[in-house]
Every structure is written in C-alpha cells, then in structure tokens.
Amino acid sequence: MKMWKSVMKNPHKVLPQLMAAAIGSWGFFCTGTVRGWSSPGIPSLNATKNFEIDATEMAWIDRLPQISVIKCINNGNFTAAMPPLCALAGALLIGYPMQRFGRRTALIGLSVPFFLGFILMGFTYLVKHKAILFIGRLMSGLMNGAATPASQIYISECASPRIRGTLSSFTASALALGILVAYIIGAFVDWWVLAFIMSIFPMMLFTGMIFMPETPVWLISHNREDDAKKALRRLRGKRTDIEAEFQRMKETQAKNSQQQQIQPRELLKGSVLKPLGISMGIMFFQQFTGINAMIFYTVSIFKSAGTTLDGRYATIIIGFVQLIATASSGFLVDRFGRRILLLGSAVIVSCSLAAMGSFFYMQAQWGPAMATEKLGWLPLLSLIVFFIAYSGGYANVPFILMGELFPSRYRSILGPLSSSFNLCCTFTVVRSFPVMQISMEKYGAFWFFMCCTLLGIIFVYFLLPETKGKTLEDIEKLFSKKYNADGTLKEPVQMQADNYSEGKTASVASSGIEMTKPSSFRRKKSGENGTVAFENGNGTTILSLNHIVDSEDEEEDDGSLVAAPGGH
C-alpha cells in the first residue's frame with residue numbers, strides 16, 4: 001500500500017500515464033492469449049476436429065512451451081518450431097512501421113492481423129479446412145513477435161522517470177494475465193469458441209490506442225513539436241509545467257537528427273553496441289533459466305508430488321502464481337531498482353533449479369516410487385518458488401530494459417533486434433532440451449540451467465548499470481564516451497579566446513557569463529538569496545542558483561541547484 005501511495009502521490013500527473021501504459025500493454029495481453037490458446041486448444045482440437053489433420057501438421061499450429069510440441073520435436077518434427085520463428089519475423093518486421101509511422105500507429109495496425117488471425121482460427125471449424133487454421137495461426141504468430149517491442153517502447157517513451165519502471169512492468173503482468181485468461185476460458189469451451197472469444201481482445205487494443213497520444217519522443221524526432229508538446233502535456237497532466245522536460249527532449253533529438261538517415265556503420269558504435277549487448281545478454285539469461293522446461297514439467301511435477309489434480313487446473317494455478325508475483329514486482333522495480341530485482345530473482349531461481357535437479361537425481365538413483373514417497377514435496381515446492389522468483393525479476397525486467405537502454409535514434413531498430421534474439425534463445429532452449437535430457441539426464445539439464453543462471457548473476461553485477469529514476473536521455477549518456485557515469489561531461493567545454501582580453505578570459509555569449517583562468521578565479525561569497533559571487537582580476541561575477549525541476553516532480557523540491565547567470 002505504501003508503494004502504491006508513492007506511485008500515486010501526484011494523481012493528476014500519474015493517471016494519464018497509467019492509462020497509456022495499461023492500454024499500451026494490451027499488446028502483451030494479446031500475445032499472452034496467443035501463447036495460452038494452445039494449452040486448452042490443442043487437446044480440444046484433437047477431441048472435436050471435423051477435418052483432416054495429422055500429428056505432424058498439428059505440430060505446426062502448436063506453440064513452443066507446450067507438451068505436444070516437445071513430443072513432436074522428440075519425434076524429429078522440426079516443424080513444431082514454426083510459431084516462434086513467425087514471432088521472430090514479426091519482431092524484425094515491426095521496426096520500420098514504428099520508425100516511419102509511430103509507435104501508436106504500429107500498435108493500431110498490428111491489432112487488425114491479431115483479430116483476423118483468431119477469427120480465421122475459429123472459422124476453421126465452420127469451413128472444415130485446415131489451411132484456414134494454418135493461416136490464422138501464422139498471422140497471430142507474426143503479431144505475437146511484433147507486439148513485444150512496440151508495446152514496450154511505447155510505454156517507456158510515454159512514462160516519466162520516477163514511475164517508468166512500474167509502468168513498464170505492466171507488459172509482463174499483461175502477458176501473464178493473457179495466458180491465464182486463455183487457460184481459464186479454454187477449460188470450459190471448445191477450441192474454436194475460444195478462438196472467437198480471443199478475437200475480442202485485439203479489437204480492445206485497436207479501440208484503446210485510437211484515443212491514446214503518440215509518444216512525444218517520436219513526434220519531436222519527426223519535427224512535429226506542437227503535437228509533441230500537446231502529447232506531453234496530456235501525458236503529464238494539464239496543470240503540469242512541461243517546459244523543462246520538453247526542452248530536454250528537444251535537445252536530445254536535435255543531436256540525433258543531425259544525420260537524417262541511419263547508416264549501418266552507426267550501429268557499430270560503442271554507444272549502440274554496449275546497450276544492445278547488455279539487453280541481449282539479459283534476454284539470453286532470461287531464457288536459460290529454463291523457464292520453458294519448467295512449464296513443460298508443470299503437470300508431471302504435480303504428479304510427482306503425489307497429487308491427482310487435473311493438468312488443466314495445474315496450469316491455471318501456476319498461471320495465478322505467475323500473475324500475482326509479476327504484478328507485485330512492478331511496484332518493486334522503481335523502489336529497489338532493476339539490478340536488485342534481477343540479482344535476487346537469479347539467486348532464488350538457481351536454488352530452485354538446484355533442488356529440482358536434486359529430485360530428479362534422487363529419482364534416477366532410488367526409482368520414481370521411492371523418490372515420490374520421500375521427496376514428493378520437493379519438486380512442487382521448487383516449482384512454486386521458481387515461478388515466484390522468475391516472475392519477480394526475470395519475467396519483466398528484461399523487457400523494461402529493452403525500452404530504456406537504447407538510444408532514441410536507434411530504438412526502433414534495436415528493440416526488435418533484442419526481442420527477436422529473445423525468441424531465438426527460446427527456440428534454442430526448447431529445440432535442445434529433449435537432447436539435453438538424453439545426453440545429461442533430467443537432473444543434468446536442470447543443473448545446466450542453474451549454472452547459466454549463476455553466470456547471469458555475474459553478468460548483471462558487473463555489466464548492467466542501474467537505470468532507476470534516470471531519464472531516457474541520461475541513460476543514453478551512460479554508454480557515451482563523452483560523459484561520466486553521473487552524466488557529466490568528461491572534458492570541459494572548449495571556449496574561444498576573447499580578442500579584448502588577450503586570451504585571459506573567454507566569453508559565452510549565449511549565457512552572458514564571463515569565464516576566467518582557473519588561477520585567478522576564486523569564490524568570494526555566497527548570497528542569502530540563492531546567489532554566489534566569484535572574484536577575479538576583471539571584477540566580480542554573480543551567479544544565481546536555480547532549482548532543477550522536472551515536469552513530473554515540480555511540486556517536490558529535491559534541493560538540486562544549478563548555476564545561472566545573474567549579472568556583474
């Protein structure tokens with residue numbers, strides 16, 4: 001409750017951003033419904049199908065983290081990987097629309113194929129032809145990948161620094177909610193009815209985004225400053241002074257727009273490769289926690305614990321656990337920071353994987369019956385702890401960082417690249433997991449994921465900078481050679497010598513401040529009215545100390561001061 005009050009301490013400023021984040025994250029919700037459809041949909045399709053389709057073709061329409069997919073891969077059916085490969089293509093294809101037409105327009109556009117994909121899947125039952133089902137699944141798979149970077153970048157560019165982490169975590173919660181809703185509805189209706197019901201949610205995304213503003217960052221980058229100012233005022237509240245934040249955005253975009261067209265060689269700069277490498281590294285370690293292996297074993301783990309609970313209800317229980325843990329972590333990400341959540345998540349996840357591997361090792365040594373009798377509680381406890389820990393950090397922080405780390409000029413390119421790399425890692429884990437079970441046994445596979453998670457701790461500790469509370473402009477400076485870690489310039493500004501002082505002084509016309517040599521420049525006194533006087537050989541310079549104010553927190557005086565020209 002205290003954390004929620006902290007987020008909502010300026011409701012008139014936060015509520016517009018909250019609304020934009022809620023609607024923008026609906027793209028992740030739709031992604032969750034696509035992923036969640038298979039769990040109840042495939043068994044229902046097998047039981048009620050009224051058209052010809054064999055097991056190999058069924059693998060094409062299944063989704064990655066599902067038991068039947070793994071079985072098909074075990075049988076050598078590589079075609080089971082089609083859905084994630086479609087998502088990978090979608091993640092790459094969304095980059096141009098986001099850059100050319102805007103983040104909001106891209107989300108509106110992708111909601112239409114989302115809708116059509118589900119409609120076609122439902123109509124398959126009526127027209128009795130598998131080709132319709134293939135096309136529908138293909139369309140939904142493409143949009144599955146496209147929605148991830150589009151939603152995350154939209155929310156990050158709309159949110160102010162103080163609450164950006166909390167709002168950006170909406171996406172992971174929306175994804176978990178979408179999966180859970182598909183599980184629950186699918187437990188009571190047939191697969192084709194479920195598809196028709198799921199088609200409602202993309203239309204909600206379409207309708208909601210029509211009433212949302214475009215991101216100010218994108219509008220400024222396309223020389224639409226009036227529209228950008230209106231969008232920023234709408235997002236920060238009508239009574240909020242947005243001038244300081246707007247000017248900061250303009251200055252950043254002015255630097256980025258000096259070169260209109262992005263050249264391929266620009267992507268090789270350190271300031272671009274560093275954040276991309278960090279984001280991809282976090283995505284890699286997210287998938288190599290073995291999340292899909294744990295999903296695969298959900299039902300068998302429940303059985304190992306000696307329960308007779310139906311597999312459908314087991315997945316619903318895990319879905320609830322994931323949703324609650326993911327939503328709770330959203331309030332922690334701006335309180336404790338991204339690094340702490342990732343490190344804490346990785347430590348607990350690695351312990352859970354170690355325990356899970358130990359159970360399967362004991363099962364191999366003692367036999368299934370004795371292992372279940374003596375340690376039947378261990379896999380169930382490990383599973384629950386794993387999902388809570390994973391949802392508390394690794395489920396959402398990698399996507400938050402995807403929307404924060406990249407320079408604004410390259411964000412629409414790097415975001416899809418990072419998202420598609422995440423899908424590649426997902427494909428790699430699931431494609432290799434059956435082989436790992438054979439070559440290193442089940443316990444070896446889980447211990448392998450444990451080792452990868454421990455390596456992730458080292459990666460995060462030494463390479464990931466903390467972005468909590470920083471503006472997107474300040475985060476860009478973290479990877480630039482021109483700036484220190486605190487955002488200050490590494491080298492002083494070079495000034496032109498004043499002709500009338502023979503090089504002893506340098507004038508800055510834009511500010512009206514007269515600078516002198518350091519040796520003759522000393523502080524004289526500080527005024528009680530927020531000014532400070534400096535004395536040198538040419539006289540006295542008075543600088544006023546003005547408070548630095550951000551549009552999000554202008555009512556909260558943080559005591560930060562900046563020198564401004566006051567006179568002589």
Side-chain angles (χ1 to χ4, degrees), residues 19 21-45 61-67 83 87 107 110-122 125 136-137 139-141 143-148 150-152 155 169-209 291-292 295 298-299 309-330 387-388 390-391 395-396 399:
M19 181 64 69
I23 295 177
S25 64
W26 208 247
F28 269 72
F29 181 93
C30 295
T31 296
T33 61
V34 174
R35 295 184 183 183
W37 177 88
S38 291
S39 183
I42 295 299
S44 175
L45 175 59
I61 62 169
D62 205 353
R63 73 180 178 91
L64 239 166
Q66 188 63 28
I67 296 175
L107 282 169
L110 65 84
S111 64
V112 177
F114 249 137
F115 168 78
L116 293 177
F118 278 122
I119 290 294
L120 289 174
M121 289 165 61
Y125 183 80
R137 196 62 172 158
M139 294 176 66
S140 61
M143 297 306 102
N144 208 31
T148 302
S151 291
Q152 198 69 63
I155 295 172
S169 68
F170 277 25
T171 54
S173 299
L175 178 65
L177 180 61
I179 294 173
L180 179 60
V181 167
Y183 284 172
I184 294 174
I185 298 176
F188 302 101
V189 302
D190 289 333
W191 64 273
W192 61 277
V193 177
L194 177 62
F196 279 132
I197 294 174
M198 296 295 100
S199 69
I200 297 172
F201 300 116
M203 285 297 95
M204 294 173 64
L205 174 64
F206 179 89
T207 305
M209 289 306 301
I291 176 63
N292 287 299
I295 291 174
T298 295
V299 176
L309 186 66
D310 188 284
R312 292 175 300 173
Y313 303 123
T315 54
I316 289 174
I317 291 172
I318 292 301
F320 267 114
V321 170
Q322 283 188 276
L323 176 61
I324 293 171
T326 304
S328 300
S329 71
F387 278 113
I388 291 175
Y390 176 86
S391 301
N396 60 356
F399 296 109

Stepwise ring pair (Phe, Tyr, Trp, His ring centres under 6.0 Å) check, F115 with F206: CA-CA 9 Å; F115 168 78; F206 179 89; 9.3 Å; no
For a 4.5 angstrom cut-off between non-hydrogen side-chain atoms, does Q322 reach L180? no
Within the 4.5 Å heavy-atom criterion, are M203 and F118 side-chain neighbours or not? no
Counting C-beta onward and ignoring hydrogens, is there a side-chain heavy-atom pair between L107 and I23 closer than 4.5 Å? no
Show, in sequence, the C-alpha distance, side-chain angles and deciding distance for R137 and V34, and conclude whether the side chain to side chain contact (heavy atoms under 4.5 Å, CB included) test is met. CA-CA 9 Å; R137 196 62 172 158; V34 174; 3.7 Å; yes
If every non-hydrogen atom of F387 is compared with every non-hydrogen atom of A325, which pair is closest and at what distance? O-CB, 4.5 Å
All heavy atoms of S151 vs all of G27, minimum pair found to be OG-CA, 3.5 Å
Measure the shortest side-chain to side-chain distance between M204 and F29 over non-hydrogen atoms and say whether it is less than 4.5 angstrom. no
Starting at CG of N396, measure out to CD of Q152 and round the result to the nearest 0.5 Å. 9.0 Å
Contact summary for L323 and S173, nearest pair of heavy atoms: CD1-O, 3.5 Å
Can you tell me how far OG1 of T326 sits from CG of L177, rounded to the nearest 0.5 angstrom? 10.5 Å
Could you tell me which residues satisfy ring-ring contact (aromatic ring centres under 6.0 Å, His included) with F28, sequence neighbours excluded, listed by chain and number? F399
Can you see which heavy atom on L110 is nearest to which on A150, and at what distance? CD2-CB, 4.2 Å
Kindly indicate whether the side chain of S25, heavy atoms from C-beta on, has any atom under 4.5 Å from the side chain of I155. yes
For G136 and L120, the nearest pair of non-hydrogen atoms, with its separation, is CA-CB, 3.9 Å
List the atom of A182, the atom of M198, and the distance in Å for their closest heavy-atom pair. CB-SD, 4.2 Å
The reported gap from CH2 in W191 to OH in Y125 (rounded to nearest 0.5 angstrom) is 8.5 Å
How long is the gap from OG1 on T33 to OH on Y183, to the nearest 0.5 Å? 12.0 Å
Rounded to the nearest 0.5 angstrom, the CD1-SG distance for I200 and C30 is 11.5 Å
Would you call M143 and T31 a side-chain contact if the rule is heavy atoms closer than 4.5 Å? no
How many angstroms lie between atom OG of S329 and atom CD1 of I324, to the nearest 0.5 angstrom? 12.5 Å
side-chain contact (heavy atoms from CB on, under 4.5 Å) partner of P40, the single match among D190, I316, L194, I184: L194
